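Inspection log for the structure reproduced underneath, given as structure tokens.
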There are 2 protein chains.
Amino acid sequence: MKEIENVETQSPRHPRESGESLPRHPRESGDPENKSTTLDSRLRGNDESSGNDESSGNDESSGNDESSGNDESSGDDGRGGHDQQINLTHGGGGRAMARLIDSLFLKAFDNEWLSQKNDQACFSVEKGRMVMSTDGHVISPLFFPGGDIGSLSVHGTVNDVAMSGAKPLYLSASFILEEGFSIKDLEKIVKSMANAAKQAGVAIVTGDTKVVEKGKGDGIFITTTGVGVVPENVFISGDLAKPGDAVLVNGFIGDHGIAVMSHREGLTFHTALQSDSASLNGLVQTMVNAVPSIHCLRDPTRGGLATTLNEFASQSHVGFVIDEKKIPIREAVLSACELLGLDPLYVANEGKLIAICPEKEAQKLLSAMQAHELGKDAAIIGTVIEDPNRFVQLKTKFGGSRVVDWLTGEQLPRIC
Amino acid sequence: MKEIENVETQSPRHPRESGESLPRHPRESGDPENKSTTLDSRLRGNDESSGNDESSGNDESSGNDESSGNDESSGDDGRGGHDQQINLTHGGGGRAMARLIDSLFLKAFDNEWLSQKNDQACFSVEKGRMVMSTDGHVISPLFFPGGDIGSLSVHGTVNDVAMSGAKPLYLSASFILEEGFSIKDLEKIVKSMANAAKQAGVAIVTGDTKVVEKGKGDGIFITTTGVGVVPENVFISGDLAKPGDAVLVNGFIGDHGIAVMSHREGLTFHTALQSDSASLNGLVQTMVNAVPSIHCLRDPTRGGLATTLNEFASQSHVGFVIDEKKIPIREAVLSACELLGLDPLYVANEGKLIAICPEKEAQKLLSAMQAHELGKDAAIIGTVIEDPNRFVQLKTKFGGSRVVDWLTGEQLPRIC
């Protein structure tokens, strides 16, 4: 400190007050807010005024998270009310963003990687195969029966990683927030993510926050990316379905799409429908332990069961015959679909998977699935066939057969 | 095919025409568009009408990408003009999305992982340390002097991975598109991403596309996530700066922020300013080869040099003394900053890094940097000092000293 002879502090003007977007150059004088002070007065004055380096410097110590959160509450510029909503400073890379990260994200996700505060997370891996998957989440409404965008953003990516047979380990989370978004809602969402990650046994190890102007986003979008490791003896891919293979599903289809849409449209049904949103990595681990020779796994999200089967047909150059009677669909979902004129085969799921395995392993796989909480309603629903046309055929309840085509029009938008 | 006795095709109504968001249930009759046809007529009729399973089924063969792209051009519903802009069907999980992926993303990014068309990419890793980093990109305008959101989204994440000393290997890309966004612009952006990835030697191995309604986004947001491997003898982290260490920068600061802002505001300067947006992984590899004992590396993006140094000070519990005379800043950036009343220390960079290394290695590191195209204007700009206050002090050109504080207000919004 002794080498300092003439210290000026640079206290950039708040852009909302100055109409500017960047701190003014200190060499420009005539700015009443750009005060020149001695180092001493800066140190003394900081606790009550715009900044407190001590607290922001100490934020590695967990006890100070609370206080740095409170600093934010009181508002960087002392105007109050500043803390209720996201504003552009929360994405500016400066103090407001650092505090949001400390008081909210680090606290909720609480792990050794994130608390290193580097722009990347570092972890050890063993020799082997890894998978990586990413999903942007734009669901509307943000809160729905059975979940919210936070839990969904964890489940979605955990499931995409798990569908290779891998054990998901680490997630990243990128937030695109709209100016004006409620910080209370953000807290709820972040806590829900943290809870979902804990349940799935994964850590959210790195992240990013951007803020866009009001009207240029829709509250919050969350992109999560996950990595995981594939067991040595497991080779699962959408192009491995073979004629004769059995097709299984782990339970009732259509719950997520109908729950979200009902909520969006204000519809109510006799049975309160909930999204099936859940992390399936535990179930998948049970399944690959029982039957390592599973050929294909995929979660039928956007576009539903029909789309996933068409994807498999295209990738594996096969066809499918599916038995409508065997597909588990709740009465409430069927009623809602009939009321709304929808086909449950195209309705999104967030806690379901389609598995394809050699026919001789099908019963063993089914039993393993049924023994797991998230597979207790599992069923064998069809067979892979040779078909140069790669059609998905449905044997209807009435004894007929129809081709279940790719979704041509639009699925329910913003369902995930 | 012989087992089919009574085949109906389900051709979901287009929601723009029907006002509905999901395909109608085929059991509901009375829908003129929900035609029942024989399998034969479906096969014959498909080429001209709503779908062509043959082409979408063949899309693994590269020669057919062109034709599936053309199918999209002619419009799923034959109304024409459908291909000029993104619409909600491109995010619906059905045929339009599959074609967008085939004709654009698979073709541009062209790699073995993506062409597997699974929801995750699988790759082999050696035992060691990996890093993971994510960044959402919301820059406005999308195209700016020296780059665009596509190249930026690759550079940003490649750099965040590289700043651990790691070699970046694989990226994921998540697109959030606004309904009505120009497909031509999307193509330009995706090609620019592909080009940036190629230059950086990384592969974009997995992705996701969501579409939000007009007015709920801003054209395009791209979140990229990267993974890479850290060399055995390298340990770089923001908390490793030691008093006495030297502080280096690889070249002129402030170019990106001033280039984007000038473009946004329609300002012109004598010298055409370009963003410095670039992948720094090659430079970093050169640097860690020369000096494996580098303590800290970080790219000073949002919040600029000042913010990065304050972060290091906070993480490492040290202070800094930086010499203003030694910081490379272009005359054009200085002029623009004076004109606009900005401080270049807070202006964003996208091709710069700050390195901290033991003082005795500083000259060696500087020489290694200067020998690289992206480090030819590198300089030693300061020293790490002991400081319980964790201040970043600037020795000004005029012989004084000022504390360069955290950014309190708002940086230029949407700069990355």
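Quick note: numbers below take in every heavy atom, side chains included, and nothing from hydrogens, waters or symmetry partners. In what follows, chains carry the letters A, B, and so on, assigned in the order in which the sequence lines appear, proteins first and then strands, with residues in each chain numbered from 1. Please read all numbers here as calculations on a predicted model, not as lab measurements.
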Using the side chain to side chain contact (heavy atoms under 4.5 Å, CB included) rule, take B:R298 and A:D119 through it: C-alpha gap first, then chi angles, then the decisive distance, then the call. CA-CA 8 Å; B:R298 191 162 295 170; A:D119 289 341; 3.5 Å; yes
A side-chain contact here means heavy atoms from C-beta on lying under 4.5 Å apart; do B:M130 and A:V227 qualify? no
Close side-chain approach of B:M132 and A:W113, heavy atoms under 4.5 Å: no
Sort out for me which of B:G128, B:G238, B:S164 touches chain A most, counting heavy-atom pairs under 4.5 Å. B:G128
Among A:E213, A:K395, A:M163, A:E178, which residue forms the greatest number of heavy-atom pairs with chain B at distances under 4.5 Å? A:E213
State, with a plain yes or no, whether a side-chain heavy atom of A:T223 is found less than 4.5 Å away from one of B:F221. no
If you count heavy-atom pairs within less than 4.5 Å of chain B, which of A:A121, A:S124, A:S174, A:G94 leads? A:A121
Kindly indicate whether the side chain of B:P413, heavy atoms from C-beta on, has any atom under 4.5 Å from the side chain of A:V211. no
Which bit of B:V125 is near chain A, if near means a heavy-atom gap under 4.5 Å: side chain, backbone, both or neither? both
Heavy atoms only: give me the nearest A:Q116-B:Q315 pair and the separation to one decimal. O-NE2, 2.7 Å
Is a side-chain N or O of B:K216 found less than 3.5 angstrom from the main chain of A:D218, in a donor-acceptor match? no
Answer key: most heavy-atom pairs under 4.5 Å with chain A among B:L345, B:D299, B:T225 is B:T225
Set of side-chain contact (heavy atoms from CB on, under 4.5 Å) partners for A:A173, sequence neighbours left out: A:F175, A:M193, A:I204, A:T224
Looking only at heavy atoms, which two atoms of A:V230 and B:C122 are closest? And how far apart? CG2-SG, 4.3 Å
Segment of A:V205 engaging chain B (4.5 angstrom heavy-atom cut-off): side chain
With sequence neighbours excluded, residues passing side-chain contact (heavy atoms from CB on, under 4.5 Å) with B:S133: A:Q120, B:D160, B:V161
B:L297 versus chain A, heavy atoms under 4.5 Å apart: side chain, backbone, both or neither? neither
Nearest atoms (heavy-atom pairs only) where B:G93 meets A:T307: O-CG2, 3.1 Å
Which answer fits A:I139, side chain, backbone, both or neither, if we ask what part of it has an atom under 4.5 Å from a heavy atom of chain B? neither
For the residue pair A:C416 and B:K210, what are the closest heavy atoms and their distance? SG-CE, 3.5 Å
Counting heavy-atom pairs under 4.5 angstrom with chain A, the leader among B:V131, B:I236, B:T157 is B:V131
Measuring heavy-atom distances to chain B, does A:V229 have an atom under 4.5 Å in its side chain, in its backbone, in both, or in neither? neither
Donor-acceptor pair, distance only, cut-off 3.5 Å: does the side chain of A:R302 make one with the backbone of B:G91? yes
Examine whether an atom of B:T209 lies under 4.5 Å from a heavy atom of chain A, and if so say whether it belongs to the side chain, the backbone or both; otherwise answer neither. backbone
Output the distance between atom CG (A:D135) and atom CG (B:D208), rounded to the nearest 0.5 Å. 4.0 Å
Distance only, no hydrogens: is a donor on one side chain within 3.5 Å (strictly under) of an acceptor on the other, for A:S237 and B:N118? yes
Are the side chain of A:K127 and the backbone of B:K127 linked by a donor-acceptor contact shorter than 3.5 Å? no
Could you tell me which of B:M97, B:H137, B:R129, B:E126 has the largest number of non-hydrogen atom pairs under 4.5 Å with chain A? B:E126
So which heavy atom on A:A98 is nearest to which on B:W406, and how close? CB-CZ3, 4.1 Å
Between B:K117 and A:D239, does any side-chain N to carboxylate O distance fall below 4.0 Å? no
